[in-house]
Amino acid sequence: KLSVNATDYYEEARAKTAEFINAGDSRRIIFTSGTTQSINLVAYSYGRKFINRGDHIVISNIEHHANIIPWQVLCREIGAELKVIPVNDRGELIMDEYKKILCEKTKLVSVCHISNALGSVNPVKEITELARESGGDTKVLIDGAQAAPHMKIDVRDIDCDFYAFSAHKMYGPTGLGVLFGKMEILESMPPYVTGGEMINYVTINKTEFAAPPARFEAGTPPIAQVIGLGSAIDYINGVGKDKIQLYEKELLDYATQLLLEIEGLKIIGAAKDKASIISFVLEQAHPHDVGTVLDAEGVSIRAGHHCAQPTMDRFNVPATTRASFSFYNTFEELDKLAAGIHEVIRIFD
């Protein structure tokens with residue numbers, strides 16, 4: 001009875017996850033250890049079967065390392081070529097250059113929905129539509145790690161082939177990720193990891209693999225984490241995605257105005273369509289020093305390259321201080337952020 005209950009809760013969470021991104025069939029939802037593993041699953045399983053020497057893989061200049069390195073490794077192994085969509089000074093993809101990159105050799109486009117370092121929201125539906133027109137049977141993967149908690153996601157409207165995100169970004173447990181894939185593509189892919197629970201039957205000489213999603217979920221499943229993700233989805237749905245998006249936009253606008261008034265502060269990334277993330281540099285202090293002082297003031301931010309070193313290179317900075325806002329933050333907390341930055345300036349000026 002206990003195992004049956006656990007399985008029911010587990011699969012109920014899978015159904016909630018499918019509904020959360022409008023995936024339709026819950027069999028299109030695969031549980032992984034995080035967005036990183038989800039992307040690697042596609043690189044190793046789909047990439048090594050369907051991408052060949054001379055083919056092109058397209059990423060952007062503002063990707064997280066987890067959406068760069070798997071494709072670098074794949075290209076080196078099979079002789080494919082990695083193409084990069086450039087960004088303008090506002091941190092927006094230069095779509096005219098993207099169109100020039102696409103061709104019949106393009107087999108995969110893999111881009112973030114929201115830049116973790118800049119907050120830029122990429123036009124993923126347009127990116128997908130253009131990929132479809134490239135003439136190369138191009139598949140599209142969207143790294144949605146930063147988008148999942150902050151905006152409505154409709155994978156069927158985007159029409160992407162794969163969409164990846166993580167539970168911990170959605171106020172759920174760490175160590176759990178999600179990969180959405182179109183069913184006909186998942187069925188054509190070999191398993192990424194083998195073991196128990198991903199088979200129909202096994203003999204000493206032969207194994208028949210199960211259909212997706214079980215084919216890609218070898219071993220003991222992360223039962224508690226998946227059930228926790230289901231609860232997190234209930235929580236987000238209870239607050240309301242529309243309310244979350246509207247309030248976070250108000251926080252972003254308020255914080256942007258506050259920070260622009262601080263002498264010596266420069267915001268890195270000013271895309272027209274932007275999520276509630278502000279990355280900045282300060283003339284008076286290194287980002288790590290800013291982070292140390294703000295920590296002492298009770299303000300939690302991140303300082304560093306944010307696993308996005310190519311992004312830092314593009315904007316000619318070694319690192320940034322990044323303040324990220326969510327619907328549980330307040331305007332008073334943003335005032336405290338600004339006051340903390342003024343304290344940094346007082347100390348280092």
Look at the side-chain heavy atoms of Ile, Leu, Val, Met, Phe, Trp and Tyr, link any pair under 4.5 Å apart, and say whether [X] and [Y] land in one connected group.
X: Ile244; Y: Leu334; answer: yes
X: Phe325; Y: Leu246; answer: no
X: Ile101; Y: Val84; answer: no
X: Phe331; Y: Ile262; answer: yes
X: Phe280; Y: Ile62; answer: yes

Extract all donor-acceptor atom pairs below 3.5 Å that involve side chains of residues 177-193 and protein atoms in other chains or at least two apart in sequence.
{"from": "Lys182", "atom 1": "NZ", "to": "Asp159", "atom 2": "O", "distance (Å)": "3.4"}
{"from": "Lys182", "atom 1": "NZ", "to": "Asp159", "atom 2": "OD1", "distance (Å)": "2.8"}
{"from": "Ser188", "atom 1": "OG", "to": "Ile185", "atom 2": "O", "distance (Å)": "2.6"}

- request: Determine the interplanar angle of the Tyr171 and Tyr235 rings, folded into 0 to 90°, and report it as parallel if under 30°, tilted if 30 to 60°, perpendicular if over 60°.
  value: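 Tyr171 vs Tyr235 ring planes: perpendicular.
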message: Does the plane of the ring in His65 sit parallel, tilted or perpendicular to the ring in His305? Use 30° and 60° as the thresholds.
response: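 Taking His305 first and then His65, their aromatic rings sit tilted (interplane angle of 30° to 60°).
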Nearest 0.5 Å, please: how far is [atom2] in [Y] from [atom1] in [X]?
X: Glu283; Y: Leu265; atom1: CD; atom2: CG; value: 9.0 Å
X: Ile21; Y: Arg156; atom1: CD1; atom2: CZ; value: 10.0 Å
X: Ile39; Y: Asp143; atom1: CD1; atom2: CG; value: 4.0 Å
X: His113; Y: Ile153; atom1: NE2; atom2: CD1; value: 6.5 Å
X: Phe216; Y: Ile29; atom1: CZ; atom2: CD1; value: 13.0 Å
X: Ile57; Y: Lys107; atom1: CD1; atom2: NZ; value: 11.5 Å

Counting distance only, does the side-chain N/O of [X] pair as donor-acceptor with the main-chain N or O of [Y] below 3.5 Å?
X: Asn116; Y: His306; value: yes
X: Thr138; Y: Thr106; value: yes
X: His342; Y: Gly340; value: no
X: Thr174; Y: His168; value: no
X: Glu63; Y: Cys112; value: yes
X: Arg322; Y: Ile278; value: no
X: Asn67; Y: Ile59; value: no
X: Lys152; Y: Gln245; value: no
X: Thr203; Y: Asn205; value: yes
X: Ser120; Y: Glu92; value: no

Between [X] and [Y], is there a side-chain N and carboxylate O pair less than 4.0 Å apart?
X: Lys336; Y: Glu333; value: no
X: Lys100; Y: Asp96; value: no
X: Glu129; Y: Arg132; value: no
X: Glu19; Y: Lys16; value: no
X: Glu81; Y: Lys83; value: yes

query: Just checking, is any N or O donor in the side chain of Asp335 or Tyr254 under 3.5 Å from an acceptor N or O on the other one?
result: yes
message: Checking Ser38 against Thr32: is there a side-chain donor and acceptor pair closer than 3.5 Å?
response: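 Distance-only check passes for Thr32 and Ser38.
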statement: side-chain contact (heavy atoms from CB on, under 4.5 Å) with Leu282: of Val344, Leu259, Thr321, only one passes, and it is Val344
If we only count heavy atoms from C-beta on, is the [X] to [Y] side-chain gap below 4.5 Å?
X: Ser279; Y: Phe315; value: no
X: Met95; Y: Leu130; value: yes
X: Met312; Y: Thr320; value: yes

How close do [X] and [Y] get, counting heavy atoms only, and between which atoms?
X: Asn61; Y: Pro86; value: CB-CA, 4.4 Å
X: Lys139; Y: Asp161; value: CA-OD2, 3.1 Å
X: Arg314; Y: Val87; value: NH2-O, 2.9 Å
X: Ser324; Y: Ile277; value: OG-CG1, 4.1 Å
X: Ala303; Y: Pro287; value: CB-O, 3.3 Å
X: Ala210; Y: Ala214; value: CB-CB, 3.9 Å

message: Just to verify, which of Lys241, Glu248, Lys169 counts as forming a side chain to side chain donor-acceptor pair (under 3.5 Å) with His150?
response: Glu248
message: Take a 6.0 Å sphere around CD of Glu250 and say whether it holds more than 12 heavy atoms from other residues, nucleotides or ligands.
response: yes
query: Do other residues, nucleotides or ligands put more than 12 heavy atoms under 6.0 Å from the CZ atom of Arg48?
result: yes
- request: Applying side chain to side chain contact (heavy atoms under 4.5 Å, CB included), run through Tyr201 and Thr207 and close with a yes or a no.
  value: CA-CA 6 Å; Tyr201 73 86; Thr207 296; over 6 Å; no
field: Those residues that, when tested against Glu104, pass salt bridge (charged side-chain N to carboxylate O under 4.0 Å, His left out) (two or more places apart)
entry: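 In terms of salt bridge (charged side-chain N to carboxylate O under 4.0 Å, His left out), with neighbours along the sequence ignored, Glu104 is linked to no residue.
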